[in-house]
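Working notes, beginning with the structure itself.
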2 protein chains.
Amino acid sequence: MRLTTKGRFAVTAMLDLAMHESPDIANAKPVTLAGISERQSISLSYLEQLFSRLRRQGLVKSIRGPGGGYKLAKPHAEITVADIISAVDEQIDATQCGGQENCRDEGRCMTHDLWASLNNKILDYLSGVNLADMVVSQTSGQKISITPRTCGSAGYSSRTPVVAN
Amino acid sequence: MRLTTKGRFAVTAMLDLAMHESPDIANAKPVTLAGISERQSISLSYLEQLFSRLRRQGLVKSIRGPGGGYKLAKPHAEITVADIISAVDEQIDATQCGGQENCRDEGRCMTHDLWASLNNKILDYLSGVNLADMVVSQTSGQKISITPRTCGSAGYSSRTPVVAN
DNA sequence: ATAATAATTGACTAAAACACTAGGTTATTA
DNA sequence: TAATAACCTAGTGTTTTAGTCAATTATTAT
């Protein structure tokens with residue numbers, strides 16, 4: 001997995017979308033990319049590229065024409081930061097041996113296991129934050145602080161984010 | 001913070017260094033970059049660039065001349081993955097307002113707090129794995145699995161890594 | 001029907017970062 | 001003094017970032 005500003009842009013835009021969407025999911029008004037672009041100072045065309053991927057990954061739905069825009073395809077609590085980042089950042093295979101384990105020395109690829117599991121752990125961790133968490137901490141003016149899923153209760157969507165500082 | 005193959009190379013090289021260093025820290029033989037380059041198939045000159053940064057950050061010590069090479073500057077347990085990655089990857093400021101909070105809308109920068117704390121969390125998380133952990137899981141042939149510090153006991157260096165799968 | 005809206009697509013671009021290469025210099029040891 | 005190995009600087013090809021530009025399609029309102 002890769003963590004760059006590209007993923008940041010995507011998460012920021014999705015958070016903006018979540019915050020400007022009506023809380024009533026059924027008849028929520030779609031949010032235009034032009035609006036997100038203005039509010040978050042992200043280039044409209046760049047947003048279009050990002051949302052093209054987000055749509056193909058099933059995270060958002062699009063409505064064309066006047067009054068159209070984007071809506072989240074799932075409830076806020078079911079869209080995680082990990083989902084968003086892996087939707088826009090195409091991941092590279094961390095191994096230089098490319099799956100087959102024909103590396104040097106002991107015959108096995110030292111880095112493969114190491115990075116594969118490390119990637120998984122980070123991904124697991126970022127899966128612990130969803131849009132609902134972020135909206136709450138954003139509207140309450142509190143800094144967001146994430147508790148890994150493995151720590152507290154196994155609940156997925158209704159954890160209350162811990163306030164930091 | 002940024003997570004790319006650059007950091008991966010650095011961690012791989014440091015793990016190789018840790019594994020080929022004599023366990024007795026006092027009179028450990030230095031490891032040459034040429035050796036690491038050969039074992040891990042990383043370009044020698046690229047390693048030189050990486051170790052230049054690692055040295056400036058105080059993670060390794062260098063011995064010049066024949067029989068020279070690099071040694072870890074601290075005990076294995078005191079060098080974390082986060083240390084290594086942040087030594088070679090220069091971090092970017094996640095905010096587009098650049099510190100001052102003169103952004104749009106509500107006057108405050110939405111993305112600033114969000115990414116600052118998310119970065120800190122990831123960094124905190126990667127601080128939970130050190131070279132000693134990785135050497136153990138590597139030599140024992142077990143896949144490494146990291147438990148965040150916040151979960152278990154507050155101990156820093158002597159946690160036993162959990163085996164996954 | 002027509003115009004306006006807004007998503008959708010594709011091609012293209014400057015700048016940065018990545019992953020190196022090349023070639024030299026310094027310090028240390030045999 | 002010759003070999004070793006760190007150290008340093010500059011350059012190079014490729015990929016990614018972050019974006020522009022232009023055109024197309026679907027939908028709504030007039």
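Throughout, protein chains are lettered first and strands after them, A, B, ... in sequence-line order, and every chain is numbered starting at 1.
- In this structure, B/R53 places its CZ atom 18 Å from C1' of D/dA6, rounding to the nearest Å.
- Comparing B/P66 and A/V31 against DNA chain C, the residue whose closest nucleotide sits nearer the 5' end is A/V31.
- Atom CG of B/L33 is separated from atom P of C/dC20 by 15 Å (rounded to the nearest Å).
- Between the P atom of C/dA6 and the NZ atom of A/K61 lies a distance of 20 Å, rounded to the nearest Å.
- D/dT17 atom P lies 15 Å from atom CD1 of A/I42, rounded to whole Å.
- Side chain of A/N130 to backbone of A/A77: a donor-acceptor contact under 3.5 angstrom is found.
- When each of A/G7 and A/G65 is assigned the nucleotide of DNA chain D with its nearest heavy atom, A/G7 is the one assigned upstream, toward the 5' end.
- Of the residues near DNA chain D, A/G67 and A/Y46, the one whose nearest nucleotide (by heavy atom distance) lies more toward the 5' end is A/Y46.
- In this entry the distance linking NZ of A/K71 with C1' of C/dA6 reads 15 Å, nearest Å.
- Of all non-hydrogen atoms in B/M134 and B/V11, the two that sit nearest each other are CE-CG1, 3.9 Å.
- When the C1' atom of C/dG24 is taken as reference, atom CD of B/E48 falls 12 Å away, rounded to whole Å.
- Checking D/dA5, C/dA7, D/dG19 against every side-chain atom of A/F9, the shortest atom distance belongs to D/dG19.
- Without hydrogens or angle criteria, A/E21 side chain to A/L72 main chain gives a donor-acceptor distance under 3.5 Å.
- Looking at which nucleotide of DNA chain C each of A/R55 and A/G68 is closest to, the 5′-most match is held by A/G68.
- Without hydrogens or angle criteria, A/R53 side chain to A/V88 main chain gives a donor-acceptor distance under 3.5 Å.
- Considering only side-chain atoms of B/R64, the nucleotide from C/dA27, C/dC18, C/dA7 that sits closest is C/dA27.
- A straight line from CD of A/Q49 to C1' of D/dT16 spans 12 Å, rounded to a whole angstrom.
- Rounded to whole Å, the distance from CG on A/L44 to C1' on C/dA6 is 9 Å.
- Without hydrogens or angle criteria, A/S37 side chain to A/I42 main chain gives a donor-acceptor distance under 3.5 Å.
- The phosphate of D/dT20 has neither OP1 nor OP2 within less than 4.0 Å of any side-chain N or O from A/S45.
- The shortest distance between the side-chain N/O atoms of A/S62 and the OP1/OP2 oxygens of C/dA6 is not below 4.0 Å.
- The phosphate of C/dA7 has neither OP1 nor OP2 within less than 4.0 Å of any side-chain N or O from A/S52.
- For D/dC7, one of the phosphate oxygens OP1 or OP2 lies less than 4.0 angstrom from a side-chain nitrogen or oxygen of B/Y70.
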